[in-house]
Amino acid sequence: MVVVQKYGGTSVGSIERIKEVAKRVAATRDAGHQVAVVVSAMSGETNRLLALAKQISPHPDERECDVLVSTGEQVSVALLAMALKYMGYPAFSLLGHQVQIATDSAFGRARIKHIETERLLSALQKGHIVVIAGFQGVDAEDNITTLGRGGSDTTAVAIAAAIKADVCEIYTDVDGVYSADPRICPQARKLQRISYDEMLELASLGAKVLQIRSVEFAKRYQVPVHVRSSFCHDEGTWLVQEDPSMEDVVVSGVTSDLDQAKITIQRVPDRPGLAAKLFTPIAEDNIVVDMIIQNASEDGSTDLTFTVPKGDAQRALARVQAIMPELGARGVTFATDVAKVSIVGLGMRSHAGVAARMFQALAKEGINIQMISTSEIKISVVIDAKYTELAVRVLHDAFLGQTG
Ligand code: ASP
Ligand code: MG
C-alpha cells in the first residue's frame with residue numbers, strides 16, 4: 001500500500017517524540033508499505049515564531065511572516081529524516097517548494113493548486129521514505145506561502161490525493177473523532193467512522209480535530225482518512241464516503257462553538273433591498289456571516305439579527321453603524337455572550353421530528369433558544385453562552401445517550 005502519515009505538533013513535540021515517530025514510520029515501511037510522511041512544527045513553535053514577528057510590528061509583513069513561520073516545519077522534517085537515517089532507513093526531507101506544492105499567493109492562508117508528484121513517486125518506488133514539510137507551499141513567483149493554522153492536515157490529504165495513496169493517517173494527540181467534546185461530555189464516545197459531509201459540518205462547527213480544508217480535499221478526491229493517536233496503537237476514526245447504512249444513525253455528533261457574536265438591527269424599515277444594503281459592505285470586508293434571522297414585519301419595520309465570528313464582530317459592527325442612517329433603523333445591539341450548539345447526522349434526512357426532539361431537550365432544562373438554523377444534516381441553535389456545556393450534555397443524552 002501507499003501510505004501517507006501526518007504527525008501533528010505534539011506528536012513531534014520533543015526529540016523523544018520524534019524518535020517514537022521514526023519508529024512508527026519505520027514499522028510501516030517494514031510492513032512492506034511505501035510511506036510518505038508529513039509533519040507539523042514542534043508544538044508551540046509556530047506560536048513562538050508569530051510572537052517574534054509581533055515584536056517587530058503589530059502587523060508584520062505577510063510575505064516575511066510566511067518565510068518565518070515555515071521554518072518551524074523545516075526543523076521537524078530535518079530531525080525526523082535524520083532519526084530515520086540513523087536507524088538505517090533510506091529517508092530524506094523535502095520542503096514545500098522542493099516538492100513543488102504550488103499555491104496561490106494569499107500569504108498566511110494560501111490554497112494548494114497543484115502538487116508535482118514525479119519526484120515523490122519515484123522516491124517511494126525505490127523504497128525511500130519521504131518526509132515532507134506540512135503547512136507550506138510556493139507561489140508562481142517562488143515566494144514561500146503557508147496554508148493557515150492547522151494547514152499540515154491539508155498538506156497531508158492533498159499529498160495523499162496527488163499520489164493516490166491508499167490511506168492518509170492523521171496522527172494527533174486525541175485518539176479519534178468523538179460524538180462530543182469528552183472534556184464537556186463524559187458520555188462522548190469515539191466514532192468508528194464518519195462521512196466526509198458530517199465531518200465537514202463538525203469541523204466548521206468548531207471540532208478542531210482537522211483543518212476544514214483537509215476534509216474538503218478528502219471529500220473531493222475520496223481519500224480515506226484515518227484520524228488516530230500517535231501515543232497508542234488503537235484504531236481511531238475513519239473518514240469515508242457515505243454509505244446507506246449511515247442514515248440509520250440520526251445524530252453522529254454534538255458540537256459547540258463559542259466563537260460567535262450576535263448583532264441585531266432594531267426596527268428597520270422593511271423595504272426591498274434592505275438585506276442587500278446591510279450585507280454587501282460586510283461581505284466586502286471579507287466577514288463570514290453565519291446565521292441570519294429576520295422577524296416578520298410589524299408596522300412596516302422589522303428586526304434583523306445575524307452572527308459573525310467574534311474576531312470580526314467589531315468590524316462588522318462598524319460597518320452596520322456606518323449605514324444605520326441610510327437604513328433608517330432605530331438602533332443596534334451587540335452580544336458576545338452567545339454560543340452556537342449543533343447536532344449533526346446523515347440520519348436527519350430520513351427521520352422526522354429531529355428538530356422537535358432537540359428543542360424539547362433544551363426546553364426541559366430551561367435553556368432559551370435565540371436563533372435556529374438548519375441544513376440537510378445539521379440543526380444549530382444560538383443560546384446564552386453560560387448554558388453551552390449543559391446544552392451539549394442534554395443533547396448528547398437525548399440523541400446518543402442510550403446506545404452508549
Ligand atoms: N505548524 C502549523 C500550525 O501550528 C501548521 C500545523 O500544525 O498544521 O498551525
Ligand atoms: Mg492540528
Side-chain angles (χ1 to χ4, degrees), residues 4-15 17-18 20-21 25 36-54 60 62-81 93-99 101 103-104 106-112 115 131-139 144-162 168-174 177 199 203-204 206-218 223 225-231 236 239 259 309 311:
V4 172
Q5 296 186 330
K6 180 257 170 177
Y7 292 91
T10 40
S11 301
V12 294
S14 66
I15 294 299
R17 290 297 311 153
I18 289 175
E20 287 303 312
V21 165
V25 173
V37 188
V38 172
V39 284
S40 292
M42 295 170 77
S43 60
E45 182 62 7
T46 309
N47 288 341
R48 187 185 74 85
L49 294 166
L50 284 169
L52 290 178
K54 284 272 190 232
E62 291 185 320
R63 179 188 183 278
E64 305 312 330
C65 231
D66 278 4
V67 174
L68 177 70
V69 294
S70 63
T71 61
E73 274 72 12
Q74 179 159 352
V75 171
S76 47
V77 282
L79 291 172
L80 180 57
S93 64
L94 288 177
L95 301 178
H97 66 89
Q98 293 174 308
V99 175
I101 298 177
T103 71
D104 63 20
F107 297 115
R109 59 195 141 83
R111 283 180 177 269
I112 297 175
I115 294 179
V131 185
I132 300 160
F135 179 55
Q136 55 179 263
V138 60
D139 76 1
I144 290 173
T145 56
T146 65
L147 310 179
R149 298 308 303 268
S152 300
D153 295 335
T154 301
T155 305
V157 177
I159 295 271
C168 180
E169 296 183 327
I170 304 277
Y171 285 95
T172 174
D173 50 3
V174 294
V177 179
M199 192 63 210
S204 68
K208 295 192 173 56
V209 195
L210 287 175
Q211 199 197 34
I212 191 155
R213 272 190 208 163
S214 72
V215 186
E216 288 165 3
F217 254 103
V223 181
V225 175
H226 186 184
V227 179
R228 59 193 304 192
S229 167
S230 63
F231 296 82
L239 235 74
D259 182 29

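Starting from 1, each residue takes its place in the sequence as its number. Read the numbers this way: they start at 1 and go in the same order the structure lists the ligands and their atoms.
At a threshold of 4.5 Å between non-hydrogen side-chain atoms, the residues Y7 and V37 count as touching.
Close N/O approach between G150 and ligand 1 is found [any backbone or side-chain N/O within under 3.5 Å]. Where the criterion is an N or O separation shorter than 3.5 Å, residue side chain and backbone included, D153 fails it with respect to ligand 1. The shortest N/O to N/O separation between E73 and ligand 1 falls below 3.5 Å.
Here R17 does not pair with E20 in a salt bridge; the nearest charged N to carboxylate O distance is not below 4.0 Å.
Considering CD1 of I132 and OG of S152, their distance stands at 11.5 Å, rounded to 0.5 Å.
Judged as a side chain to side chain donor-acceptor pair (under 3.5 Å), and not counting sequence neighbours, the contacts of T145 are T103. Considering only residues two or more places apart in sequence or on other chains, S93 meets the side chain to side chain donor-acceptor pair (under 3.5 Å) condition with none of them.
Between G151 and ligand 1 there is a heavy-atom distance shorter than 4.0 Å.
Close approach to R149 involves these atoms of ligand 1, each under 4.0 Å from a residue heavy atom: 3 (C), 4 (O), 9 (O).
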